[in-house]
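A quick write-up on the structure given underneath.
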Amino acid sequence: MTATEPLLARAQLTALFDQIPRHRLTVVTAGPGGGKTSAVRGWTRARPDRPVAWLTWADDATLIEEICQALGAPAGWIRSAGLATELAAAVCRPTVVVIDEVERIEPGTPGARLLEELCHHGGDDLHLVLISRSAVPFPIQRMRGLGHVFQVSAEQLAFTPAETRSLSSIVLGADDLAEEVHELTKGWPVAVRLTLSWLSGLPWSDRAKRIAATPVFDYLVEEVVKDEHEEFLRATARLPWFTDELCQAIGVAVSREELRALAAQHILITPCDQGYVVSTLVREFMGDAGRSSMAAHWYESHGFVREALAVCDEPGHRMAMIERWHASLLAEGHAAELVRACVAVPEEWRTCAVNLAEGRARQVQGDWAGALECLRRVDATDPAVAWRMGMIYYQRGDYKAALSTFELAGGFDGSAFPLPSSSSSDRAMLLAWSASARWLVGESAQATQLAEQALAMATRCQDERAAACAHTALAMVTHDAGDGAGSERHSALALAAAESAGDLLLSARVLANRAASRTEEARYDEAIADSDLSVRRADLVGDPVQTAIALHNRAEALMGLGRLDEALADFRRARDIFSRVGSDKLGHPLAGLGQVYLERGELMHARISFENSLKHAEQLRNAHLTQTALAGLARVHAVDDPALAVQLAERAVAAGGGSSRVDALLAAGWVWAETGDRAKAGAYARSAHEAAVSRRDRAKMAEALELSALTMAESPGERADLLASAAEIWARIGSPVDIARNAFARARLSGSGLDEAEQELRRVGVRGPHSSGAGLLRGITLLDQDAVRLCMLGGVRLSRRGGAVEWQSRKARDLLTWLACQRGRTVAREAAMEILWPGEEPASCSNRLSVALSTVRSVLDPQRKFGPGEFVRADKYSIQLVGLRTDVEEFLCAAAEALAAEDEDLLVAAEARYTGDVCEDSPYAEWLEPLREEARAVHQALLRELASLAEAADDPDRAVRYLLRLLERDAYDEAAHLDLVRTLTKARRHGEARRRYRLYAEAMRELDVEPAPFSLT
């Protein structure tokens, strides 16, 4: 702005800016001196009834905090992943937020992402105005196409000839030179103002002669920046802001009245919230008078530490400030500024305190590699360093490295430690984290001893954070010992201590751990509530690892309630987060995904997930995860390799005790039942029931009763009673999947109500008994006397009377699969040869094809009950597969009937038949693609129709489930993403809607597609 601006009312420009409240985003773009800020300021003065928040000098490190402050958000929201929507929801009346100098914000940074999200779902009451010299740091083409963007260019900001005449009359007392001035400056606001100001200082007779030689920037340097101003401007040009008091402190003689007079001109300096700043144009060519050190001392002495660190050029002073203020800077959320300050300290000046401060700041930012590099420069035997380094390894899932780090500092044995000292709090933290790590590797006795020592030490030194960590470790070990009440008590004490200490991250950890314990006790609703709060607090702090842990625990509780699709989505989010940050905890959500796939009957996906989880578990010596993965793999392999399943189950049982042992015992029981050894299966059923009762694990008690029903019952009546007892437990727990599974088993055994039971089974998301791993449904399926059946959805499997058929020839298996893909068509023998032996001469393959056909016939009809043409008809020239049941054909027929009838029950039943893509175990066989794509497209059509019917019936839970399945199959389905966000918003599940919108936006950015704006308020 300049002193002339208030004298000229630009009605045309004001009317133009009246469009700001009609758009979500207004972009004002022009070069230096283009009048951007002046124009917007003029509009705000002309419209005083409009609430306006104005941000200047914001950069990537400060923008988020400043937006929060401008909109009155609580400080805790600063690092929230859902901050944009939280802020929009907090705006209760139309508000304009102006952000100046947006060119300082780099694309892809958190600040840029926040601005983008505010534009997308800020609602109708929040209007952003971005003032920038260049393009905004995120794509806006799609928003522009939807009419949400209003753009103002340099041409629109330029003075019109009429405005130049009016301004000339005001400044020069006449407008006779206005046309020449306008021609010279092309209406560029700063040039018009400076030219008129320069001309006003010339004699009237010289103006016309000298106007053509107006050197705008030379004039700025030589005339506007006069000698008496140069020292002042050079001393203040690089300062974030200044006052007359600061100027006096750095040796610049300028009074408060002089600053006000200069600011009134709005050419050299402009006002800001704290005082004044040198204008942008002047800053660009002014040097530095070397007063930064004095300014830094003044800033620090007045409590402006961020500003002091920003301008300090004395290594010793910077180092001293870091040592004094790093804790408060981190507490106030200024990790980025602290890292920059630490990096600026020369190597020869760096102290242990500086390295520790930088390490802590990088850890808060999620830069684990950088944090470890800093911490390794410090004495690793110092408990303050060791527990932080070990915690990073712990969060990464590298428990071996964590234990080594803890041991180096003395956090490993049962020796007595000294009474409280300056380091007692850090030593208590060291012992508490050591206890947690020991528990994870199966050393419960050592974990208990360390946790008790940590609690005693934390109590002596009255450190709430250390006490919370100690109680958390004790909650884990007492739960592992089957003491549910003790675990609940320690969790409550840990949560109270963490909240008393004001540590959101620690409270998020406590809540996540308690959720896991409550899930085991089948207290699923309470576990979900704990997990929800844990996710929110971890998001607020900005800790991705804790967010992922809480998501994983919520997914396990959702599984217990039968909300499999929601559980799958949470497990996937946790997996993606762990993968992105490089955490070895990745094995946990992988095992969770395996459990969901196993429940749904998608055995190939389950096997892959469990195998990958087992690799992580064994590498990290994680006994609990090892048992879970082995037990899951045993259940999967029971279908195709019972001998291997037995080996895996026995390994799981031998892996140790604790919460995962019941899973291992149950898996072993079901697997031995698969082999027909009822005695061993019954022994495992008894052991599993005893272990589940001792741990108060109601879900495992019910499953143990079901295992007993199929392996130990002496009569049909006893079997029915055991299944009914299990059904009562499932009903009390409220688990729809297990209730439906139990009901199906009882209906199958009694012979009544089977159709209704199978329909309910499919409704809750279980594909059906033919696709299940070892468990109740599989045990019932073994009673199936159906003929031979080829399963192609998921992996390729051939079954006879419910049992798996073992292949002796891979070529024969491929031949049968290829023939099935022809769907009854007669095909040439040469075509089959080309598929099986590509590139070879047909003459050399003829005999091999005959052998493969003979093998197929013997597999399909091993006892030769039928003639040679019963399944495979072949002559000298062609082959045809007939009469073989395939799951993919059954699915396509059922889907066609359901879609034609638009009957929801038929649609549910048809969708439940889809247990995976066609032949997922042969992903690169091109000849499979036509059938694979057809089945996939039909499945998506079913899901879309079911989601639409659920929405029409005002049943958001069902609609969400089907939309999640669509996204499971295609993570880039934009329509499904937006339908899901809309459904959740309509159901007032705003937190989930915000999370799903963020995931949608991330998916679109991966495709370089601009996300569609969506109001979540």
Completion exercise
Across all chains, not counting sequence neighbours, the ring pair (Phe, Tyr, Trp, His ring centres under 6.0 Å) partners of Phe610 are none

Practice task
Applying salt bridge (Lys or Arg N to Asp or Glu O under 4.0 Å), name anything that partners Arg514, two or more places apart in sequence or on another chain.
Solution key: Asp530

Handout entry: Side-chain donor or acceptor of Thr915 paired with backbone N/O of Glu602 under 3.5 Å
Key = no

Practice task
Check whether any side-chain heavy atom of Leu966 sits under 4.5 Å from a side-chain heavy atom of Tyr962, and report yes or no.
Solution key: no

Practice task
Begin with the C-alpha distance, continue with both residues' side-chain angles, and end with the deciding distance and a verdict on salt bridge (charged side-chain N to carboxylate O under 4.0 Å, His left out) for Asp525 and Arg518.
Solution key: CA-CA 9 Å; Asp525 289 326; Arg518 287 177 168 178; over 6 Å; no

Handout entry: Contact check, side chains of Val545 and Ile577, non-hydrogen atoms, under 4.5 Å
Key = no

Exercise for the section: Can you measure from CZ (Phe571) to CG (Asp576) and round to the nearest 0.5 angstrom? Expected result: 13.5 Å

Handout entry: salt_bridge(Arg913, Asp887) N-O dist < 4.0 Å
Key = no

Exercise for the section: State, yes or no, whether a side-chain contact exists between Leu967 and Leu963 at a heavy-atom distance under 4.5 Å. Expected result: no

Practice task
Would you please test Glu556 and Met559 for side-chain contact (heavy atoms from CB on, under 4.5 Å) and show each step?
Solution key: CA-CA 5 Å; Glu556 291 190 322; Met559 274 190 65; 5.6 Å; no

Fill in the blank from the handout: With sequence neighbours left out, the residues meeting side-chain hydrogen bond (donor to acceptor under 3.5 Å, both in side chains) with Arg741 are Glu599, Asp738

Handout entry: Side-chain touch Leu495/Leu511, heavy atoms, less than 4.5 angstrom
Key = yes

Problem - Check: Arg719 and Leu723 side chains under 4.5 Å, non-hydrogen atoms - result: yes

Handout entry: Cation-pi, Trp670 ring and Arg678 (6.0 angstrom, 45 degrees)
Key = no

Problem - Sidechain-backbone polar pair: Ser531 side chain, Ala527 backbone, donor-acceptor under 3.5 Å - result: yes

Problem - Donor-acceptor under 3.5 Å (His552 side chain, His588 main chain) - result: yes

Practice task
Mark yes or no for whether Thr628, through its side chain, and His624, through its backbone, hold a donor-acceptor pair below 3.5 Å.
Solution key: yes

Problem - Side-chain donor or acceptor of Ser613 paired with backbone N/O of Ser609 under 3.5 Å - result: no

Problem - Check: His490/His471 side-chain N/O donor and acceptor closer than 3.5 Å - result: yes

Completion exercise
Between the OG1 atom in Thr519 and the CZ atom in Arg554, the distance rounded to the nearest 0.5 Å is 12.0 Å

Practice task
Could you please spell out the steps behind the salt bridge (charged side-chain N to carboxylate O under 4.0 Å, His left out) verdict for Arg536 and Glu992?
Solution key: CA-CA 11 Å; Arg536 174 157 176 77; Glu992 294 176 68; over 6 Å; no

Fill in the blank from the handout: Taken in chain and number order and not counting sequence neighbours, the residues that satisfy salt bridge (Lys or Arg N to Asp or Glu O under 4.0 Å) with Glu920 are Arg969

Practice task
Could I get the full list of salt bridge (Lys or Arg N to Asp or Glu O under 4.0 Å) partners for Glu521, not counting sequence neighbours?
Solution key: Arg523, Arg696

Practice task
Would you sort out whether Glu703 and Leu776 count as a side-chain contact (heavy atoms from CB on, under 4.5 Å), showing the intermediate values?
Solution key: CA-CA 8 Å; Glu703 189 177 356; Leu776 180 61; over 6 Å; no

Problem - Thr448 (side chain) donor-acceptor with Ser444 (main chain) under 3.5 angstrom - result: yes

Problem - Heavy-atom pair of closest approach, residues Ala757 and Ala747 - result: CB-CB, 3.9 Å

Problem - With sequence neighbours excluded, residues passing ring pair (Phe, Tyr, Trp, His ring centres under 6.0 Å) with Phe578 - result: none

Problem - salt bridge (Lys or Arg N to Asp or Glu O under 4.0 Å) against Glu728, all qualifying residues, sequence neighbours excluded - result: none

Handout entry: Partners meeting ring pair (Phe, Tyr, Trp, His ring centres under 6.0 Å) with Phe891 (sequence neighbours left out)
Key = Tyr914

Practice task
Can you measure from CG (Leu614) to CD (Gln619) and round to the nearest 0.5 angstrom?
Solution key: 11.5 Å

Practice task
Would you mind checking if Arg607 and Glu611 are paired as a salt bridge, meaning a charged N to carboxylate O distance below 4.0 Å?
Solution key: yes

Practice task
To the nearest 0.5 Å, tell me how far Ile528 CD1 sits from Asp570 CG.
Solution key: 9.5 Å

Practice task
List for me each residue that meets side-chain hydrogen bond (donor to acceptor under 3.5 Å, both in side chains) alongside Gln759, sequence neighbours excluded, and say none if there are none.
Solution key: Asp905

Practice task
Supply the atom-to-atom distance Met701 CE to Ile729 CD1, rounded to the nearest 0.5 angstrom.
Solution key: 6.5 Å

Practice task
Using a strict cut-off of less than 4.0 Å between a Lys/Arg side-chain nitrogen and an Asp/Glu carboxylate oxygen, indicate whether Arg989 and Asp957 qualify as a salt bridge.
Solution key: yes

Handout entry: Non-neighbouring partners of His637 that pass ring pair (Phe, Tyr, Trp, His ring centres under 6.0 Å), sequence neighbours left out
Key = none

Practice task
Answer yes or no: is there a side-chain heavy-atom contact under 4.5 Å between Gln627 and Asp663?
Solution key: no

Problem - Distance-only donor-acceptor check, side chains Glu488 and His479, under 3.5 Å - result: no

Handout entry: 4.5 Å side-chain heavy-atom contact, Glu758 and Arg748
Key = no

Exercise for the section: Check whether any side-chain N or O of Arg537 sits under 3.5 Å from a backbone N or O of Ala508 as a donor-acceptor pair, and report yes or no. Expected result: no

Problem - Any donor-acceptor pair under 3.5 Å from Asn553 side chain to Ala512 backbone - result: yes

Completion exercise
Closest non-hydrogen contact found for Gly486 with Thr478 is C-OG1, 3.8 Å

Practice task
Could you please spell out the steps behind the salt bridge (charged side-chain N to carboxylate O under 4.0 Å, His left out) verdict for Arg651 and Glu618?
Solution key: CA-CA 12 Å; Arg651 282 179 58 194; Glu618 292 181 331; 2.6 Å; yes

Exercise for the section: Indicate yes or no: at least one non-hydrogen side-chain atom of Tyr597 is less than 4.5 angstrom from one of Leu568. Expected result: yes

Problem - From CA spacing to verdict: side chain to side chain donor-acceptor pair (under 3.5 Å), Arg509, Ser436 - result: CA-CA 12 Å; Arg509 180 186 175 217; Ser436 296; 2.9 Å; yes

Can you give the donor-acceptor pairs under 3.5 Å from side chains of residues 706-714 to other protein atoms, not counting sequence neighbours?
{"from": "Glu706", "atom 1": "OE2", "to": "Trp730", "atom 2": "NE1", "distance (Å)": "2.9"}
{"from": "Glu706", "atom 1": "OE2", "to": "Asn742", "atom 2": "ND2", "distance (Å)": "2.9"}
{"from": "Ser708", "atom 1": "OG", "to": "Ala704", "atom 2": "O", "distance (Å)": "2.9"}
{"from": "Thr711", "atom 1": "OG1", "to": "Leu707", "atom 2": "O", "distance (Å)": "2.7"}

Handout entry: Donor on one side chain, acceptor on other, Arg746 and Ser752, under 3.5 Å
Key = no

Problem - SG on Cys469 to CG on Leu474, rounded to 0.5 Å - result: 11.5 Å

Exercise for the section: Taking side-chain contact (heavy atoms from CB on, under 4.5 Å) as the test, write out the residues that go with Leu964, two or more places apart. Expected result: Asp565, Glu566, Ala569, Val960, Leu980, Arg996

Practice task
In plain terms, say whether Arg600 and Glu968 are close enough for a salt bridge, that is, a side-chain N and a carboxylate O under 4.0 Å apart.
Solution key: yes

